[in-house]
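Atom set for the values below is all heavy atoms of this structure, side chains included, hydrogens, waters and symmetry mates excluded. Numbered from 1 within each chain, the chains take letters A, B, ... in sequence-line order.
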Amino acid sequence: MPLQGGVIAISGLVKRFRVDGAELTALGGVDLWIAPGEFLTVVGASGCGKSTLLRLIAGLEHADAGVLSHDGAPIAGPSLARGLVFQEPRLFPWLTVAQNVAVGLENAPLSRAEKALAVAEHLTLVGLSAFARAWPHQLSGGMAQRVAIARGLVNRPDVLLLDEPFGALDMLTRARLQDELRAIQQRAGATTVFVTHDVDEAAYLGDRVVVLAPRPGRIREIVDVKLPARRDRADPRLAGVRERVLRALGEDPGYPRPALVADAAWRRPATLAPAAVLQ
Amino acid sequence: MSRRALRGAVLPMLLLAAWEGASRTGLADPRLLPSPEAVAAAAWHGATGGGLPGHLAISICRDLAGFALGAAAGLPFGFLLGLSRVARTLLGPGFDAVRQIAVFAWIPLIAMWFGIGETAKIVFIAIAAFAPVALNTAEGVRSASRDLLEVGAVFRFTRAQRIRRIFLPGALPSILTGVHLGLINAWLATIGAEYFMTAGSGIGGLVIEGRDRFDMAQVMLGVLLLATTGFAFNAIAAAGEKRLLRWRRV
Ligand SMILES: Nc1ncnc2c1ncn2[C@@H]1O[C@H](COP(=O)(O)OP(=O)(O)OP(=O)(O)O)[C@@H](O)[C@H]1O
Ligand SMILES: [Mg+2]
């Protein structure tokens, strides 16, 4: 098992955007070390910088400060060793479902036959074999997202970055794909960073759960799951993990610290339940 | 025939009936508006012995040669404008300025440079086809999806892959619109070239010749042929577009 590759090291990571002339700090100093083969889940309120973090690791964005490295080498741009499944499906409308998955192998050193086989396998994995020749506009939102997942997995990257991949799926498909993803990840040993809004999902899948706080985006807490790789959804220890994640999410740093209250607009009412914030 | 095609045929049929009626009742001077029968007779005569098919073939070949030349120049030029900001700032304003010159304003210049022979005609047709192809190609390439370009970046697309996989198919609807317009423009220019750079051959030449001999049936026949051929080009282009854009939601 390739346990040696896939270390992601992040330190002092700052990312700013200019929005309407104003500076917005999407990530304000993130330090994170991701172990090879680790399954890391990331949760946080909408707009706290989860997608930005993934895009930085993928190499699609450049940091304003701080360092990101993959197996010791600074991340300067995208690499086939790091696969990204975007928050939206982003399928090529002029390619069929199978051709869209094959996009993930466009630059893979495989023969035509090997590529076709890998594409077929991954379509089966996401339950879309029957739609291999369909056009993207003929798919539902969840089906399109599954094609995007297949495209992200098919190339077997060392580091797999997934941005709310199961958000558009029904509960059953979602549960099945969670288990499939976990199994693939165990088998291939790929370091996985999985962004989600769903605390149950984060706890069930993650070796660790990173809780991000918003404005500026930063790590509020990292919850260590400390459960075996093969998990039972009914495991009472998972409830404990969920509890800790929810508590971390619910803390509102603006309230007890007057120094931060200057920008009051972003404060949420304290009465809002953490679970509701996430929905 | 589909219901829509039938509906589309109503107006031409009415016009034909009015024409027939006007000739029969003597409402129209037959020297100015020959009867449909006279035109049909001219067509029969032309098709059997008067070299009509040859003239039609000459016009169509001329049109296609000019169109091919113009499109072959317009596509890469449009790609260049669409892909490169430098090219856009260097060539864009000049292209926009030249585009303002009405196509027919080129005729004297072209006549000076190329005479009024075959080369001049084809160059003129090519100029007419060039602008819409270049313009729509540039527009289509420029509006390539940034989201898909990011997907391409994640999978380490080379420049060639980006063009083949993202820019070209993404721009295809726009390119086809340009090609379609170019085809129409080319046919109009073919007629214009044959009218104004008269050297005898082609349907346009036939019309001019008929006018000079005051043979209104021949003139009428020529005009009808020009219209039908243009219509056919249009229909072929539309069908090709539909076939190439199957992936689009209809
Ligand atoms: N390209 C951009 N230009 C300007 N601002 C941006 C850009 N991308 C992200 N932002 C800003 O950065 C912040 C974080 O965005 P990001 O997409 O990372 O959030 P997120 O945590 O993924 O949210 P969600 O859960 O809704 O997907 C937001 O305030 C957003 O407005
Ligand atoms: Mg996001």
Side-chain angles (χ1 to χ4, degrees), chain A residues 51-52 54-62 75-97 99-109 115 133-139 144 147-157 159-163, chain B residues 71 75-76 78-79 82-85 133 136-181 237-250:
Chain A
S51 296
T52 305
L54 283 198
R55 292 168 57 82
L56 279 153
I57 299 174
L60 284 175
E61 305 272 1
H62 292 284
I75 294 173
S79 153
L80 284 179
R82 292 187 303 278
L84 172 61
V85 175
F86 289 90
Q87 192 165 352
E88 321 79 38
R90 302 199 186 189
L91 303 182
F92 291 62
W94 44 82
L95 299 181
T96 63
V97 164
Q99 289 168 334
N100 261 290
V101 176
V103 161
L105 294 174
E106 185 89 13
N107 289 315
K115 286 184 183 180
R133 293 156 65 103
W135 298 113
H137 75 77
Q138 297 168 321
L139 305 179
V147 177
I149 294 166
R151 179 178 69 187
L153 293 177
V154 73
N155 190 36
R156 298 284 156 107
V159 176
L160 187 54
L161 311 163
L162 301 124
D163 200 347
Chain B
L75 272 172
F79 254 89
L83 286 175
S84 151
R85 184 196 292 273
V133 173
N136 284 282
T137 302
E139 197 50 46
V141 171
R142 268 193 76 176
S143 57
S145 156
R146 294 190 53 83
D147 282 2
L148 293 185
L149 286 169
E150 277 188 353
V151 173
V154 165
F155 294 114
R156 306 288 288 147
F157 276 17
T158 60
R159 192 181 176 77
Q161 286 169 337
R162 261 199 310 279
I163 290 179
R164 200 169 83 78
R165 288 280 189 215
I166 302 174
F167 284 112
L168 195 58
L172 195 62
S174 187
I175 292 175
L176 290 180
T177 302
V179 165
H180 192 156
L181 287 174
E241 256 175 278
K242 205 167 155 188
R243 160 131 192 89
L244 281 166
L245 298 178
R246 266 170 315 167
W247 50 269
R248 286 214 295 194
R249 183 178 272 121
V250 272

Under 4.5 Å heavy-atom distance to chain B, tell me which part of [X] shows up: side chain, backbone, both or neither.
X: A:Leu60; value: side chain
X: A:Arg55; value: side chain
X: A:Thr96; value: neither
X: A:Leu91; value: backbone

N/O donor-acceptor pair under 3.5 Å between [X] side chain and [Y] backbone:
X: A:Arg82; Y: A:Ile57; answer: yes
X: A:Trp94; Y: B:Ile166; answer: no
X: B:Ser174; Y: B:Asn136; answer: yes
X: A:Asn100; Y: A:Ala148; answer: no

At a heavy-atom distance under 4.5 Å, which candidate from [options] has the highest pair count against chain B?
options: A:Gly104, A:Gly83, A:Gly59, A:Ala58; answer: A:Gly104
options: A:Ala108, A:Gly77, A:Pro157, A:Ser79; answer: A:Ser79
options: A:Leu95, A:Leu105, A:Asn155, A:Val103; answer: A:Val103

field: B:Gln161, part contacting chain A, at a heavy-atom distance under 4.5 Å
entry: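 Answer is side chain: those atoms of B:Gln161 sit under 4.5 Å from chain A.
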
message: What part of B:Leu172 gets within 4.5 angstrom of chain A, counting heavy atoms only: side chain, backbone, both, or neither?
response: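 Neither part, no heavy atoms under 4.5 Å.
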
message: Any non-hydrogen side-chain atom of A:Leu84 less than 4.5 Å from a side-chain atom of B:Glu150?
response: no

query: Does any non-hydrogen side-chain atom of A:Phe92 lie less than 4.5 Å from one of A:Arg151?
result: yes

- prompt: Checking side chain to side chain contact (heavy atoms under 4.5 Å, CB included) for the pair B:Val151/B:Phe157: CA distance, chi angles, key distance, verdict?
  reply: CA-CA 9 Å; B:Val151 173; B:Phe157 276 17; over 6 Å; no

